[in-house]
Amino acid sequence: MSINYADTAWVLMSAAMVLFMTPGLAFFYGGLVRRKNFLSTIMMSFACLGLIGVLWVVYGYSLSFGPDKAGIIGGLDFFGLAGVGQEPSSVYATTIPHLAFMTYQGMFAIITVALITGAVVERIKFSALMLFSVLWFTFVYTPVAHWVWGSGGWLAKLGVLDFAGGTVVHIAAGISALSLALLLGPRRGFKEKEPMEPGNIPMVALGAGILWFGWFGFNAGSALTSGGLASSAFVATNISAATAALVWMILSWIYRRPSLLGVATGAVAGLVAITPAAGFVQPIMGIPIGAGAAILCYYMMLFRAKTGIDESLDVWAVHGMGGTWGALATGIFSSVAVNSAGKDGLIYGNPKQLLLQLIGVLVVWAFAFMMTWVIGKVVNATIGLRVSSEEESVGLDISQHGERAYGGPLR
Amino acid sequence: MSINYADTAWVLMSAAMVLFMTPGLAFFYGGLVRRKNFLSTIMMSFACLGLIGVLWVVYGYSLSFGPDKAGIIGGLDFFGLAGVGQEPSSVYATTIPHLAFMTYQGMFAIITVALITGAVVERIKFSALMLFSVLWFTFVYTPVAHWVWGSGGWLAKLGVLDFAGGTVVHIAAGISALSLALLLGPRRGFKEKEPMEPGNIPMVALGAGILWFGWFGFNAGSALTSGGLASSAFVATNISAATAALVWMILSWIYRRPSLLGVATGAVAGLVAITPAAGFVQPIMGIPIGAGAAILCYYMMLFRAKTGIDESLDVWAVHGMGGTWGALATGIFSSVAVNSAGKDGLIYGNPKQLLLQLIGVLVVWAFAFMMTWVIGKVVNATIGLRVSSEEESVGLDISQHGERAYGGPLR
Amino acid sequence: MSINYADTAWVLMSAAMVLFMTPGLAFFYGGLVRRKNFLSTIMMSFACLGLIGVLWVVYGYSLSFGPDKAGIIGGLDFFGLAGVGQEPSSVYATTIPHLAFMTYQGMFAIITVALITGAVVERIKFSALMLFSVLWFTFVYTPVAHWVWGSGGWLAKLGVLDFAGGTVVHIAAGISALSLALLLGPRRGFKEKEPMEPGNIPMVALGAGILWFGWFGFNAGSALTSGGLASSAFVATNISAATAALVWMILSWIYRRPSLLGVATGAVAGLVAITPAAGFVQPIMGIPIGAGAAILCYYMMLFRAKTGIDESLDVWAVHGMGGTWGALATGIFSSVAVNSAGKDGLIYGNPKQLLLQLIGVLVVWAFAFMMTWVIGKVVNATIGLRVSSEEESVGLDISQHGERAYGGPLR
Amino acid sequence: MKKIEAIIREEKLAPVKKSLEDLGYYGMTITEVGGRGREKGIALKWGAKEYRVDFLPKLKVEVIVLDEDLSPVLNAIVRSARTGETGDGKIFIIPVENAIRIRTGDSGSNAV
Amino acid sequence: MKKIEAIIREEKLAPVKKSLEDLGYYGMTITEVGGRGREKGIALKWGAKEYRVDFLPKLKVEVIVLDEDLSPVLNAIVRSARTGETGDGKIFIIPVENAIRIRTGDSGSNAV
Amino acid sequence: MKKIEAIIREEKLAPVKKSLEDLGYYGMTITEVGGRGREKGIALKWGAKEYRVDFLPKLKVEVIVLDEDLSPVLNAIVRSARTGETGDGKIFIIPVENAIRIRTGDSGSNAV
Ligand SMILES: Nc1ncnc2c1ncn2[C@@H]1O[C@H](COP(=O)(O)OP(=O)(O)O)[C@@H](O)[C@H]1O
Ligand SMILES: Nc1ncnc2c1ncn2[C@@H]1O[C@H](COP(=O)(O)OP(=O)(O)O)[C@@H](O)[C@H]1O
Ligand SMILES: Nc1ncnc2c1ncn2[C@@H]1O[C@H](COP(=O)(O)OP(=O)(O)O)[C@@H](O)[C@H]1O
């Protein structure tokens, strides 16, 4: 098939926007930690840009999207981008260069790994995080991406729908975050309820703004073509984000005062939840999906806090639970009238799709949780997961990176 | 008519960029206030992303662009996006999905409301601002958008030109800002000339950078199609912004020292002024338009300061007066050679267009000022516009939102 | 030839992204200086947005891309954009409006001048910098751009390849930075090894994030058309950036601890090096090119520090040497299979291309160094290059701009 | 010699400076501090609920004065920093045994 | 009157505040400072190499007390700020000759 | 015991630290302050116009010393912080009645 220039422009722009989300995430997370760990938290995302960016082209793309092996994993045919050129792939996104599809997908892999880091900020050894990231990317991300999005992947064949990564990105990252946080244990002083106020909320807002912007590339770009479907996914995305931001603001208002952190977190929750559904549902369904995400994630956050688990930046509550809700909501609200490649969902008389979505969710929950646990154990047994108590109290900026966020004689 | 994929990609990207302007504005404004009101100022813009984002799809789009009722307002046919789908609209932007046009327009509504907040920072009650925003959006924005841009709108039929929102966005916001500021009164300490230095000028620059970037989506996207007209509007936009930034820098240099705030503000003034003209004038006309904007807005800012009116962040001087100049400049410099849907202006021998533009300006000035006054009075009479004196002195971050920009034991 | 809407959308978006790089650079540089010079450093880039933005449309574009005069410079036919309209140019980018090509090129001119400022922060007089910028833009940038990219330019005719500005942008800026820094002398306290820690590393990371994002416009946009070549350049860009970020991180790890500044600087070095090569090499060649850039620039930075030359933000080491490596690497790795408008390089059996690249490098090194020296001397002799010692110790924010980054009673 | 430590409102810096200049006192050192007084900060309301804002930003102004200048300087500060509302701040007077000017090495009253 | 200057860990502010409130002492001033003690900061390791972190962030808490309240307040601070590990901080007691409440102009023990 | 309060230039912190370490004095507390001296800040010119920069950033270094160490420590600071130009700063010596080490509760000269 020949290349459509408009589709190519659209997907390349979208790829650039998804790449930009990772620095956005760096600031979203970075603003939430204490000043002494600001840089180290930013670094976690930036390091993924380098590390996963390279691994993706070396073997990650091939494992995820290479020729199917038994529905489980892709073959190594595309190792080092062999055979990935300016011509379209024969199976994926056939109106754009194979390279464009490949790089677009790579941006998702980068941010997925970066998302997990929110669980382990302020106490993980940087070397351990790097090793963990390599293993997790290899043994969790690439297979899950293959199952759901790879041609021949078993969840895809089963009929599980995931438009832009609710399962592959957000559930996988959110559940792994929980698993790794449990393994790592809470921050020093967490149990004693020492104050751990966010160090820089404006940077959280900046991160949220960049994420919102980039998410159009994430979701509407996942149409892999310009035109009606991209437009529909675009609108669904904005509606869900806006609704969730508004609802979370109201919730924070009811319990205390309307919170900027709440608006920012709410927007992210809404964006997460619409991700798997964006190109399958009527855009106006962004309202129930976004509202549901805000309410669910809000209370899951409170619940998490009550359990005393220090999953520090609530990756599980927002991405894990938001992604779960979105995956199920896809089974409820999806409509073939929107996307002929989709399915009708529960409200259009097809409860089976909801069941399929549930299967997808459970499989990825279980797989991500257990694999992360195993990988975490391995890393802990070899190089150790956690910094020393003194390093933690001095802060990771100095102890792991030898840098301080702000110059000057002190702080 | 069938969908053009390139046009769609262009308009969707532009929509994403215009959305990104609202966080940009949040930082532009946020950096200008004192530290204790930094978050609250950011919040004002972010809340619009949620609130207006939802209202737009529920009824705002329909009131603005629904089937015309007597030239005054749109019908509710598009309530909840009914009938707004992946096919093009029959009247607007007929080469792109109706959804794409709808969401693009929505981004303008969001930022228009956010613009007004610059007038009332550091002292308005957040609840009052929310109520005001709902009313203003409903009773000022949607009718004015209909008059100027709606098919059948009376100002459009009269022949008033507004390419990308000089009248609808900037005059409406700027005049309303003045009206609301007069109603609200000055900040505590303003009359006593207490120091109110900007708390974070780098964030103002960041905001200006994001705004400049996003404004290409705002102005060049308003061609609603890729190609020559979009390119022409793009270039006009950049020339006007650059010229105004330069001229404002020189003005600040003459009076004191070349100021970064001046460059940032000048750029915004230039972007505002070119907005209504961008797709109607020869791009090089960005030079007189931008220079005029810088000079006019600069002195209007000094004038405003002299009156003792605390229109805090000079929305009136920059957006109101910049938009007014831009609307008139459209009547002076526009040329059918640039855009066959436009008109020749004064310098091409058609003084009538200038008159039409003047009418447009006067109508929107009067309408926005009076409606805002009424709405402000209503809000004041019901829930009250202003925080208490103690809340103001503690700062709105804590008193309205229970959050502080920076963690740590103090400040 | 008729206009391709997809190409136009792609190039306009790319232009917007390249424009956004200049604010990105402002923050990248701004975060590296001491707090008292934060604004002044940001200002240097922002002023270029105004100043060069205007000069470009007045005469810069014409000198660079106007009808060739003896291979040396363009004619003034396009003075004030005369004849630059919505129709395509007959020689450049014939599928998009001439205006789109013109403005896209203008964004490169702006950032090139801004790049140089990294060498002279914290001590140059702002007036001197402005005068220098006008002269440098006129007498260095426009001829070099003409030689390499202008139709009829002598280096282009010779066969020197420069896809997106390795020579025109990075070598020219990097060498000029060195030249000007030598002329200006070190900062007060530099020789005494007074601490000059970066004042705000998170802002460096923000700048790096924006630069990385915008660089897709810079490199992939330089295809001047959507489709396969743009995709290939896009992927090469990301691979080189990721590799260099990773390698630099490892280097900093070996010598000390893994550094966020290192990742940010490494990414920029990788982006610089791939710039001339992006559309001529197989994307996977981003790995050797990026790795080479990180290693070369890292050691060049150490070397520069050892010499005692205060080329403050290492524009020479990163852009000058990175660009040099990239230009030569183009001669090594380029392949006509990627771009039929290119040439085969050394590894495809054509050593001559490497020689041509070397000639291009040497010419621009020599020309930029000497012309900058002359211009710097002239500026110094007329208005003086440097602030007074007291002004330097108070900081340029106050002494040159009368502003402070953060409000509040002190600092 | 005495050290005057005045904890004042941020917005009162300008008048305090002015009043000291009028006495011919230019030297001073200021620090950003947080403070609370007897009232445990400020009590505010949000809807029906009351909450307290604990530490409020204040400025600490330190002026070293010769004994004979103590009372005019104190008066000047009290006068210029007062609004009459809670939170105006406090002044503490602390003995200073000696002062040295680093530039010259001078000590004693010459150094102030 | 005395000024108590306690250099404490940042995370100990809440317990210190609490312990002073229990004694009825609400007034205090806090400053962000950097400090190091006899040990020249903290020694950490990175791989085989050792390095030192010099100044660590600390809080300075200043409380002016009447002479008779000195020892209970000191005890309260010591008790609530202690962890038993290096870096717990120090307290210095400095004489204060007088105090003035700016709002009223009151001085002496009334002003504390 | 005495408290030495030295207001120094920011860039002089390293030499001051060094000179104190050479005497075996490691403990100190630093604060970012703004200061101005007799000259009312610095006078600069912009074109023909003159303007003043009022408060300049300074560091306050506080060292508590035993009486017998006072003069060597003072000498060390004066020597290492001096440039000879206006703005070198000042040192004030303030009496300290007692010191307590929070970790151990030790007081008196043991605690310094
Ligand atoms: N006992 C104290 N010790 C130290 N600082 C105090 C003390 N009491 C008050 N302060 C400081 O003085 C400031 C003003 O005190 P406050 O009680 O609010 O003033 P007022 O006496 O006018 O009510 C406080 O913010 C705090 O910084
Ligand atoms: N001689 C001193 N002068 C001034 N401040 C000191 C002195 N010694 C210690 N400090 C301050 O006290 C803090 C705690 O001292 P440190 O020696 O770490 O406590 P510990 O006695 O528990 O080991 C230091 O960070 C510093 O701010
Ligand atoms: N009377 C004073 N009270 C308090 N601080 C002072 C006083 N005089 C000077 N200082 C502090 O000392 C610093 C240096 O004073 P300055 O007069 O500039 O030094 P020099 O004596 O070398 O000219 C000032 O910035 C200020 O912080």
Side-chain angles (χ1 to χ4, degrees), chain A residues 3-10 12-13 15-17 19-20 22-24 26-27 30 38-40 42-43 46-47 49-54 56-58 80-81 84-87 96-100 102-103 106-107 126-127 130 200 203 206 210 399-409, chain C residues 4-7 9-10 13 17 34-35 195-202 205-206 208-210 212-214 216-217 220 225-232 234-235 238-239 241-249 252-253 256-261 263-264 266-267 282-284 286-287 290 338 411:
Chain A
I3 288 174
N4 179 311
Y5 275 30
D7 288 349
T8 306
W10 176 243
L12 290 182
M13 274 310 308
M17 289 165 80
L19 179 120
F20 195 36
T22 298
F27 285 91
F38 191 6
L39 288 188
S40 98
I42 292 174
M43 178 71 164
F46 271 78
L49 283 168
L51 181 68
I52 308 300
V54 171
W56 181 253
V57 297
V58 174
L81 299 189
V84 180
Q86 297 187 21
E87 291 309 300
I96 64 172
H98 197 171
L99 281 166
M102 182 286 302
T103 202
M107 304 313 184
F126 186 68
S127 56
M130 289 296 95
N200 199 327
M203 288 299 105
L206 176 64
I210 294 174
S399 74
Q400 299 298 292
H401 307 290
E403 293 174 326
R404 298 179 312 151
Y406 310 108
Chain C
N4 179 311
Y5 276 29
D7 290 348
W10 176 242
M13 274 309 309
M17 289 165 81
R34 287 166 292 174
R35 185 165 36 176
M196 296 189 175
E197 265 191 280
N200 200 326
I201 299 184
L206 177 65
I210 293 174
W212 195 325
F213 170 66
F216 292 118
T225 158
S226 181
L229 184 60
S231 302
S232 187
F234 189 107
V235 174
N238 202 56
I239 294 177
T243 306
L246 186 63
V247 170
W248 198 301
M249 181 177 97
S252 68
W253 201 328
R256 191 150 176 266
R257 273 163 272 172
S259 145
L260 177 55
L261 272 187
V263 170
Q282 294 289 356
I284 199 72
I287 292 183
V338 172
R411 274 157 233 237

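A quick note: this is a predicted structure, and the numbers were derived from the prediction, not measured.
- To the nearest 0.5 angstrom, A/Tyr406 atom OH is 10.5 Å from C/Arg35 atom CZ.
- Residues A/Ala47 and C/Met249 share a closest heavy-atom pair of CB-SD, 4.1 Å.
- Ranking A/Gly402, A/Ala15, A/Gly85, A/Pro97 against chain C, the residue ahead of the rest is A/Gly402, based on heavy-atom pairs under 4.5 Å.
- Ranking A/Pro23, A/Gly53, A/Gly106, A/Gly80 against chain C, the residue ahead of the rest is A/Gly80, based on heavy-atom pairs under 4.5 Å.
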Task: Full working for side chain to side chain contact (heavy atoms under 4.5 Å, CB included) between C/Phe213 and A/Met17 - done: CA-CA 7 Å; C/Phe213 170 66; A/Met17 289 165 80; 4.2 Å; yes
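- Between A/Leu12 and C/Phe216 the shortest side-chain heavy-atom distance does not fall below 4.5 Å.
- Ranked by heavy-atom pairs under 4.5 Å with chain A, the first of C/Leu246, C/Leu261, C/Leu260 is C/Leu260.
- Between C/Ser231 atom OG and A/Glu87 atom CD the span is 10.5 Å, to the nearest 0.5 Å.
- Contacts of A/Met102 with chain C are made by side-chain atoms alone, with heavy-atom separations under 4.5 Å and no backbone atom involved.
- Within the 4.5 Å cutoff, no side-chain heavy atoms of A/Ile42 are placed close to those of C/Ile201.
- When each of A/Ser40, A/Ala100, A/Gly24 is scored by its heavy-atom pairs under 4.5 Å with chain C, the top score falls to A/Ala100.
- A donor-acceptor pair under 3.5 Å links the side-chain atoms of C/Ser226 to the main chain of A/Ala9, judged by distance alone.
- Only the side chain of A/Leu206 comes within contact range of chain C, with heavy atoms under 4.5 Å apart.
- Heavy atoms of C/Ile287 lying under 4.5 Å from chain A belong exclusively to its side chain.
- For chain A, no part of C/Val247 is nearby; none of its heavy atoms comes within less than 4.5 Å.
- Neither the backbone nor the side chain of A/Val84 comes within contact range of chain C; no heavy atoms are under 4.5 Å apart.
- The backbone N or O of C/Ser259 lies less than 3.5 Å from no partner atom in the side chain of A/His401, so there is not a single donor-acceptor pair.
- With a 4.5 angstrom heavy-atom cutoff, A/Ala26 does not touch chain C via any of its atoms.
- Taking the six-membered ring where tryptophan is involved, the planes of C/Trp253 and A/Phe126 are tilted, since the angle between them lies from 30° to 60°.
- In this structure the side chain of A/Leu49 never reaches within 4.5 angstrom of the side chain of C/Val263, judged on heavy atoms.
- Among the candidates C/Trp248, C/Trp212, C/Tyr5, the residue making the largest number of heavy-atom pairs closer than 4.5 Å to chain A is C/Trp212.
- With respect to chain A, the highest number of heavy-atom pairs below 4.5 Å among C/Ala264, C/Ala267, C/Ala6, C/Gly228 belongs to C/Gly228.
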- [ ] May I have the step-by-step check of side chain to side chain contact (heavy atoms under 4.5 Å, CB included) for A/Leu99 and C/Phe234, ending in yes or no?
- [x] CA-CA 9 Å; A/Leu99 281 166; C/Phe234 189 107; over 6 Å; no
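- Chain A forms the most heavy-atom pairs under 4.5 Å with one residue out of C/Pro198, C/Gly217, C/Ala245, C/Ala205, and that residue is C/Ala205.
- Contact of C/Asn200 with chain A is made through backbone and side chain together, with heavy-atom distances under 4.5 Å.
- Looking only at side-chain heavy atoms (C-beta outward), C/Pro202 and A/Phe27 come within less than 4.5 Å of each other.
- The candidate with the highest count of non-hydrogen atom pairs below 4.5 Å against chain C, out of A/Met43, A/Met13, A/Met107, is A/Met43.
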